[in-house]
Structure formats: C-alpha cells, structure tokens
K.L.:
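Dropping a structure here in structure tokens format, bear with me for questions.
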Protein chains: 2
Amino acid sequence: MTSQVGRGSSDSPGDVLSNPQCPTGRLLDRIGTKWTSLAVRVLAEASPQEVRFGELQRRMPGISQKMLSVTLHNLTRDGLVTRRVEPSVPPRVHYRLTELGLSLEAALAVVRAWAQEHMPEVDRANELSSRSGPTDS
Amino acid sequence: MTSQVGRGSSDSPGDVLSNPQCPTGRLLDRIGTKWTSLAVRVLAEASPQEVRFGELQRRMPGISQKMLSVTLHNLTRDGLVTRRVEPSVPPRVHYRLTELGLSLEAALAVVRAWAQEHMPEVDRANELSSRSGPTDS
DNA sequence: CCGAATCCCATGAGATACTG
DNA sequence: CAGTATCTCATGGGATTCGG
C-alpha cells in the first residue's frame, strides 16, 4: 500500500496517500494493516501492564509468529510500543504501549464504536444490493 | 485483505479479521483501502451537495477512473453513498454521502485529527530508529 | 522463547483500451 | 462523460524453517 507509480514512469511520484500532505493516508496505511489495530487493542487492555510475546500471540487468535513479530516491530519503530528484553535464558520480551500508543488507542476506540454500532447496517446494505442488484424483481 | 487460508487447505476458514466477531477488522479492511477515506472526506466536504464523478476525480488527484469507480461502487454497496444517474446524454452521475456515511466521516475525523497531531512524532520515532538501530553510538 | 529468513500465493491497484 | 474489461506488477501476509 506504499507508494509506487506503476509501470515504467520513472519521474513524478504522484502518490497521494503516502505523502506528507495527507498524514491520514499514511496513518491508515499502518493501522489498516491486518493485525495492527488488534495488537494495539490487546496492549491497551493490558496497559499499564506489559505483555509478553507469547501471551500476545495467545490473545490474538490466528496470528502467526511472523506477523506478530512484524507487527510489533512496526509499532515499535513508530514509537507506539516499547520493547523490553529480560536478560534470561530463554529470553523473555515484554511489550507495552507508549503514551503515543495510548493516544492512538483512544482514536481507534472511536472507530471501534462506530463499527460496533453501524457495521450491521453496512452488512444489511450489502445483502440488499446482492439481491436487487443481480436479479431485481 | 479478505479471507484466505493459505496453500491448498480447503477446509477451515481460520480468518479472524473478516469474521463477524470483529467488526472493527472488517471496517478497517474497507476504510484502509487506498482511496476510500479520501473519497469519504471529499464527499463530506461537499455535503449535502452532490458531487459528480469527474468532479470527484479532480478533487482526488492521482486516482484513476478505474479506482474511483471501484471505490464508489464499494461505498455504494455498503450504504455509505448514494448514486443518482441523471438521464441525459452524455449521462451525469451524482454521488452523495448517506446519513450512515456522514456518521462514518465523524469517526474518520477523529482519526484524521490524531494523524494531524501525532504523525510528526511517529516520523520522528522512525528516523531515530533508523539511526540508533543500525549504528548505535 | 523469541524472532529472522525464505518461499509463495492471493490481492490491491495502476495503465490502457473499449462500450453506451 | 461514466464505467467495464484486461493485463501486469508490487505488496501483504501465511507456512515453514533456521538461529540464538
């Protein structure tokens, strides 16, 4: 979902969503990624407690180690999550939301509330156009 | 971003984000799509005025006809946008946000506000880990 | 226990060309 | 003008496997 112009046009970037003009696009590119929002949610629920890698994986049913790793790495790079390695063997790694991450969670909570409240209507609309669209009557 | 199990396993669905349990995931799958949020934004700015296809395209620099078409189609299917065809030649098609669409815009506005306020910090964090990560000092 | 590396498929999305 | 169809490439993300 990151910039790319297409075939061989090697000059003008032309990307709108991932350019500084539109912070929203760039943000959505990140939280729109499959597991990010769920990870933030789980970490927020535990906050201010830290959560270990394996525990996170258990609380995010279906996620693979790779994707959890990648997701956490991205969140850490973005300053939304802190990573603390406990020097033991085997090593334990703990994650926690930063202040910034918590503030994002607040915004996500709004989105979640909308989803909870309105997704049924969206589903309804989909079913309606499934019927009246193809066949009509 | 929609369900898929992997190689040839043809049985268990296993997808977590696009299942009814997590409306948020399903919503993010939609608004996280490259042009959706911008389209909603532009339509919201014009609301309650309608906006024509070409006008929309002009207000969304960089979008192709195809992607605009697809995006609007999805929004319409989801009940977020209405589509009105003016029976003339050449035909003119007008789009407008529904009430549902407007309510979504409200949620998106919160996300936008967060992005405006905090993306710089995110960028800063990225630059920091670009330097201290690789090299350290 | 944590996660990096590799492989591989399904999908998103741009370019282009064609219809009513 | 609005929209569809086709082709193509870059990316997301799952399975699996190796390393510390």
Side-chain angles (χ1 to χ4, degrees), chain A residues 1-10 12-18 25 28-36 38-39 50-58 60-77 83-95 133, chain B residues 1-10 12-18 25 28-39 50-58 60-74 76-77 83-95 133:
Chain A
M1 212 165 256
T2 11
S3 58
Q4 168 254 132
V5 198
R7 281 284 283 279
S9 335
S10 42
S12 57
D15 203 53
V16 186
L17 280 197
S18 25
L28 284 175
D29 266 5
R30 297 165 191 246
I31 64 178
T33 227
K34 188 165 183 184
W35 298 102
T36 317
L38 181 55
E50 295 177 311
V51 187
R52 290 187 43 196
F53 187 92
E55 179 61 19
L56 271 168
Q57 189 170 20
R58 243 167 296 119
M60 298 172 65
I63 194 172
S64 64
Q65 280 190 16
K66 173 196 166 185
M67 287 318 295
L68 182 53
S69 193
V70 169
T71 302
L72 289 170
H73 201 105
N74 291 336
L75 287 170
T76 304
R77 270 187 62 94
R83 186 193 136 111
R84 182 173 71 85
V85 183
E86 193 177 321
S88 58
V89 46
R92 277 173 268 192
V93 188
H94 305 258
Y95 296 91
Chain B
M1 215 165 253
T2 14
S3 58
Q4 169 251 133
V5 201
R7 282 283 284 279
S9 339
S10 41
S12 59
D15 205 53
V16 186
L17 279 197
S18 26
L28 284 176
D29 267 4
R30 298 165 192 247
I31 64 178
T33 228
K34 188 166 185 183
W35 298 101
T36 317
S37 58
L38 181 56
E50 295 177 311
V51 187
R52 290 186 43 195
F53 188 93
E55 179 62 18
L56 271 168
Q57 190 170 18
R58 243 167 297 119
M60 298 172 65
I63 195 172
S64 64
Q65 280 189 10
K66 175 197 166 183
M67 286 318 293
L68 181 53
S69 193
V70 169
T71 302
L72 289 170
H73 204 105
N74 290 338
T76 305
R77 272 186 61 94
R83 185 194 136 110
R84 182 173 70 85
V85 182
E86 193 177 320
S88 58
V89 45
R92 275 172 272 191
V93 188
H94 306 257
Y95 295 90

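Computed from a predicted model, the values in this text were never measured in an experiment.
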K.L.:
Rounding to an integer number of Å, can you tell me how far B:Arg30 CZ sits from C:dG12 C1'?
P.N.:
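Interatomic distance, CZ of B:Arg30 to C1' of C:dG12: 16 Å.
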K.L.:
Among C:dA15, D:dG14, C:dG3, find the nucleotide with the atom closest to the side chain of A:Tyr95.
P.N.:
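From the listed options, C:dG3 comes nearest.
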K.L.:
Could you state the interatomic distance from CG (B:Leu56) to OG (B:Ser69), rounded to the nearest 0.5 Å?
P.N.:
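Nearest 0.5 Å value for the CG-OG distance: 11.5 Å.
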K.L.:
Using whole Å, what does the distance between atom C1' of nucleotide C:dT19 and atom CD of B:Gln65 come to?
P.N.:
12 Å
K.L.:
In this structure, how many angstroms lie between the P atom of C:dC2 and the CD1 atom of A:Ile63, rounded?
P.N.:
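Between P of C:dC2 and CD1 of A:Ile63: 14 Å.
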K.L.:
Considering all heavy atoms of both residues, which atom of A:Leu68 and which atom of A:Phe53 are nearest to each other, and what is their separation?
P.N.:
CD2-O, 3.5 Å
K.L.:
In terms of side-chain heavy atoms of B:Arg83, which of C:dC2, D:dA15, D:dG3 is nearest?
P.N.:
D:dG3
K.L.:
Given the structure, check if the side chain of A:Lys34 and the base of D:dG12 hold any donor-acceptor pair shorter than 3.5 Å.
P.N.:
no
K.L.:
Are B:Thr33 and C:dG12 close enough that a side-chain N or O sits under 4.0 Å from OP1 or OP2?
P.N.:
no
K.L.:
Which pair of heavy atoms, one from B:Leu28 and one from A:Ile31, lies closest together, and at what distance?
P.N.:
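That closest heavy-atom pairing would be CD1-O, 3.8 Å.
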K.L.:
Toward the 5' end of DNA chain D, which comes first, B:Leu72 or A:Pro90, by nearest nucleotide?
P.N.:
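By nearest-heavy-atom nucleotide position, the 5'-most residue is B:Leu72.
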K.L.:
Grab the CG-P distance between A:Asn74 and D:dT11 for me, whole Å please.
P.N.:
15 Å
K.L.:
Considering just the side-chain nitrogens and oxygens of B:Arg52, establish if one lies under 4.0 Å of OP1 or OP2 belonging to D:dA2.
P.N.:
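Yes, because at least one side-chain N or O of B:Arg52 sits under 4.0 Å from OP1 or OP2 of D:dA2.
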K.L.:
Using a 3.5 Å distance criterion without hydrogens, assess whether the side chain of B:Thr71 forms a donor-acceptor pair with backbone atoms of B:Met67.
P.N.:
yes
K.L.:
Rounded to whole angstrom units, what separation is found between the CG atom of A:Leu38 and the C1' atom of D:dG13?
P.N.:
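The distance from CG of A:Leu38 to C1' of D:dG13 comes to 15 Å, rounded to the nearest Å.
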K.L.:
To the nearest 0.5 Å, what is the distance between OG1 on B:Thr36 and CG on B:Leu72?
P.N.:
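Spacing of OG1 (B:Thr36) from CG (B:Leu72) equals 9.5 Å.
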K.L.:
Rounding to an integer number of Å, can you tell me how far B:Leu56 CG sits from D:dG3 C1'?
P.N.:
14 Å
K.L.:
Less than 4.0 angstrom between a side-chain N/O of B:Arg58 and OP1 or OP2 of D:dC1, yes or no?
P.N.:
no
K.L.:
DNA chain C: A:Phe53 or B:Met67, which has the more 5' nearest nucleotide?
P.N.:
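By nearest-heavy-atom nucleotide position, the 5'-most residue is A:Phe53.
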K.L.:
Please give the angle, rounded to 10 degrees, between the axes at the start and the end of the helix from C:dC1-D:dG20 to C:dG20-D:dC1, where five pairs define each axis.
P.N.:
30°
K.L.:
Identify which nucleotide among C:dG3, C:dA4, D:dC7 has an atom closest to any side-chain atom of B:Lys66, counting heavy atoms from C-beta outward.
P.N.:
D:dC7
K.L.:
Starting from P on C:dA13, measure out to NE2 on B:His73 and report it in whole angstrom.
P.N.:
16 Å
K.L.:
Check A:Glu86, A:Glu55, A:Arg52, A:Arg83 against A:His94 for a side chain to side chain donor-acceptor pair (under 3.5 Å) and give me the one that passes.
P.N.:
A:Glu86
